[in-house]
Amino acid sequence: MMKAYGYERSQASEFLRTQIIPFFSDYSEIVEPEVLNIVNDEAGDPGYTLYGFILTASGEKKPYAMAIIEKGEGFAIKNIVVNQCFKGLHLNC
């Protein structure tokens, strides 16, 4: 088993399969982010941290935070947190 930072690759795959994909699978709308922080990654590339909500097909509002970095001609997701509300950054916690 390949390990990085004390975790096995299967644990990361399990997290993606059970937490990240299901979080977005039932969305009907991505609400415009409430807070947008400008950030730079360790290589100095510019990016943004978005604090927002999605609406599910049933109308449930669920929070997310996502760091997106500009890489060359496109974007890369640097970090994503789902189902966690950050006071002061999500305005409706």
Side chains of residues 64-75: which donor-acceptor partners sit under 3.5 Å, not counting sequence neighbours?
residue	atom	partner	partner atom	Å
E70	OE2	Y48	OH	2.7
K71	NZ	D41	OD2	2.8
K71	NZ	D45	OD2	2.7

- [ ] Supply the atom-to-atom distance K61 NZ to C85 SG, rounded to the nearest 0.5 angstrom.
- [x]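 Rounded to the nearest 0.5 Å, the NZ-SG separation comes to 9.0 Å.
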Task: P63 backbone acceptor or donor facing H90 side chain under 3.5 Å - done: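 The answer is no, because no donor-acceptor pair under 3.5 Å joins these two groups.
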Open item on the list: Y51 and side-chain contact (heavy atoms from CB on, under 4.5 Å): which single residue from V81, L36, L89 fits?
Closed with: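 For Y51, the side-chain contact (heavy atoms from CB on, under 4.5 Å) test succeeds with only one of V81, L36, L89, which is L89.
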Open item on the list: Quick test of your reading: applying disulfide (SG to SG under 2.5 Å), list the pairs with at least one residue in residues 24-71, sequence neighbours left out, ordered by first then second residue.
Closed with: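 Disulfide (SG to SG under 2.5 Å) check on residues 24-71 returns no pairs.
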Task: disulfide (SG to SG under 2.5 Å) contacts touching residues 46-84 (sequence neighbours left out) - done: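 Qualifying pairs: none.
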Open item on the list: Show every side chain to side chain donor-acceptor pair (under 3.5 Å) that has at least one partner inside residues 75-85, sequence neighbours left out.
Closed with: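 Non-adjacent pairs meeting side chain to side chain donor-acceptor pair (under 3.5 Å): E42-K78.
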Task: salt bridge (Lys or Arg N to Asp or Glu O under 4.0 Å) against E14, all qualifying residues, sequence neighbours excluded - done: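 E14 satisfies salt bridge (Lys or Arg N to Asp or Glu O under 4.0 Å) with R17 once adjacent residues are dropped.
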Anything under 3.5 Å between a donor and an acceptor, one on a side chain of residues 23-31, the other on a protein residue two or more places apart or in another chain? List them.
residue	atom	partner	partner atom	Å
S25	OG	P22	O	3.0
S28	OG	L55	O	3.3
S28	OG	T56	O	3.2

- [ ] Say whether F86 and I77 are linked into one hydrophobic cluster, either directly or through other cluster members, by side-chain heavy-atom distances under 4.5 angstrom.
- [x]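 Looking at the clustering, I77 is in a separate group from F86.
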TODO: Group every Ile, Leu, Val, Met, Phe, Trp and Tyr by side-chain heavy-atom contacts under 4.5 Å, then state whether V82 and L91 land in the same group.
DONE: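 In one cluster with V82: L91, no.
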